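A short worksheet on the structure shown next.
Because the structure is a prediction, the values reported are computed rather than measured. Both ligands and their constituent atoms are indexed starting at 1 by order of listing.
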Amino acid sequence: MRVLIIGSGGREHALALSISLSEHVEQVFCCPGNPGISQIAQCSPIEINDFAGLSEFARQNKIDLTVVGPDEPLSEGIVDYFEERGLKIFGPSKDAAKLEWSKYFAKEFMLRRGIPSAKYAAFDRREHAIAYSYSRKLPIVIKADGLAKGKGVAVVNTYDAAIGAINACFDGKFGEAGKLVIVEDFLTGFEASVFAVCDGENYALLPTAQDYKRLLDHDKGPNTGGMGAISPNPAMTPEILKKIEIQILQPTLKGMKEEGKPYKGFLYLGLMVDDKKEPHVVEFNSRLGDPETQAVLPLLECDLFEVIWQASEGDLGYFKGVLPSAETSGLGASVCVIMASEGYPEKVADGMPIRFKVGLSLGENSQLVDSSGDIDPEEAKVILFQAGTKLDKNRNLITAGGRVLSVAALAGNIKMAIQSAYKAVNKIDFAGKQNRSDIGK
Ligand code: AMP
Ligand code: GLY
């Protein structure tokens, strides 16, 4: 099979690696990709929103299946576009991806279907949103309805801050995405990310994860796309996971199908589990998480491509339920640490040379090899996933974006994984690098 992956981040690098290891896959392509992905896939500089260019590429290269990484092309209907042209693609249709691109739709859907989530109200008039906010107990959560690159959510502790967040939406900070505003009660508990591969009716579960959204240690600083992740989520139990399946995942897939939007593709459940161990949906995403994917996929002990292929055919068959992984066998744990550019998550300076300390090198399948013996290959497998990188004219690796590298380590337990990941992080350098030092700790 010939597989095309759309995207250029760490998540797409992890997808490309897992898919390239399948015995069914002859060649992987990626648009636009990055220097890391280009070591395992043939990359072509076609942008993710150039549907005509991408579908032409898929046709010319006889692609058997296209897999979409990021939310943007999904919300703009890339799946519908490919399918209308007879091209096979894995992801939700524009209608089904509405679970992510309209928080209002998602909230109303959950209410209709009895899926547990925070109490809320939605407003298209600022005065009404502000008045409602005063009626709720602090803290509260203000959300722009549409996609806002992860920045459309404000958790506020004062009514003044709530007014500020509401005004930001109605004053156009998030463009069209902020014309409708959700005011939501604050949920407490622990956060978990659960990923499902869906075939329109059934699902297969990937290992669970926890991501670290704040920039700085001890969950301080601004929200980011994610500064690290661990898998499995240490607070998750089989009992809680069962509740998530029965109370959330099953009614979501049943509801979407009944409402004429059958959900095919990766589904990401952002969850809060309260102190009574009851799960609630914080958000749905129509894709895999970044950086959770970089921690989750290396743990999988089955052929990811086969799972995706079955789902895209509309029948997961024997993959239904929890997929076999190091998590299920109780042996494995993984961690992913993001190395970001100076200035991230705001404006960043690109073009910083990325250097490895003596002894560290890149081996096969994006694995890091340490000849100094500091990182013991018997103890941990360390993988370098690239995101905001490019090659300069002398073919040296330089930074090109906010989140630059994801260092993922897989080991027998989380402690060993953390140690190995940080040993590698400390051997990689670029000017202004930022990383949290407490991922998983
Ligand atoms: P979202 O973009 O919807 O994932 O929101 C970003 C982050 O805000 C989440 O990961 C949570 O940490 C937090 N958040 C969003 N909604 C709520 C809520 N209702 N209660 C508590 N925290 C929330
Ligand atoms: N890590 C959070 C996200 O991908 O949305």
Subject >> Centroid-centroid under 6.0 Å between F82 and F51 rings >> reply: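 Centroid distance F82-F51: not below 6.0 Å, so no.
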Original post:
Are the ring centres of Y132 and F123 closer than 6.0 Å?
Top reply: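 Yes, the ring centres sit under 6.0 Å apart.
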Original post:
Is it true that atom NZ of K88 has more than 12 heavy atoms of other residues, nucleotides or ligands lying nearer than 6.0 Å?
Top reply: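 Yes, enclosed.
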Subject >> Atom CD of Q247: over 12 foreign heavy atoms under 6.0 Å >> reply: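 It does: Q247 CD has more than 12 such atoms within range.
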Original post:
Is the closest basic N to carboxylate O distance between E239 and K242 below 4.0 Å?
Top reply: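 Looking at E239 and K242, the cut-off is not met.
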Original post:
Is E184 paired with K143 through a side-chain N to carboxylate O contact shorter than 4.0 Å?
Top reply: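 So K143 pairs with E184 through a salt bridge.
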For ligand 1, find each of its N or O atoms that sits under 3.5 Å from a protein N or O atom, and tabulate the pairs with distances to one decimal place.
residue, atom, partner, partner atom, Å
ligand 1, 4 (O), E283, OE1, 3.2
ligand 1, 4 (O), E283, OE2, 2.6
ligand 1, 10 (O), E191, OE1, 2.9
ligand 1, 10 (O), K213, NZ, 2.9
ligand 1, 12 (O), E191, OE1, 3.4
ligand 1, 12 (O), E191, OE2, 2.6
ligand 1, 16 (N), K143, NZ, 3.1
ligand 1, 19 (N), E184, OE2, 2.6
ligand 1, 19 (N), D185, O, 3.0
ligand 1, 20 (N), L187, N, 2.8

**OP:** Would you check ligand 2 and list the protein residues that come within less than 4.0 Å of it by any heavy atom, ordered by chain and number?
**Re:**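 Lining ligand 2 at under 4.0 Å, by heavy atoms, one finds D211, G225, Y268, N285, R287, G289, D290, P291, E292.
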**OP:** Please determine if R287 forms a cation-pi arrangement with Y268, meaning its NZ or CZ atom is less than 6.0 Å from the six-membered ring centre and no more than 45° off the ring axis.
**Re:**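 Checked: cation-pi criterion met.
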**OP:** Output every pair passing side-chain hydrogen bond (donor to acceptor under 3.5 Å, both in side chains) with a member in residues 38-51, not counting sequence neighbours, ordered by first then second residue.
**Re:**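 The answer is Q27-Q42.
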**OP:** Could I get the full list of ring-ring contact (aromatic ring centres under 6.0 Å, His included) partners for Y159, not counting sequence neighbours?
**Re:**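 Per chain and number, Y159 pairs via ring-ring contact (aromatic ring centres under 6.0 Å, His included) with Y134.
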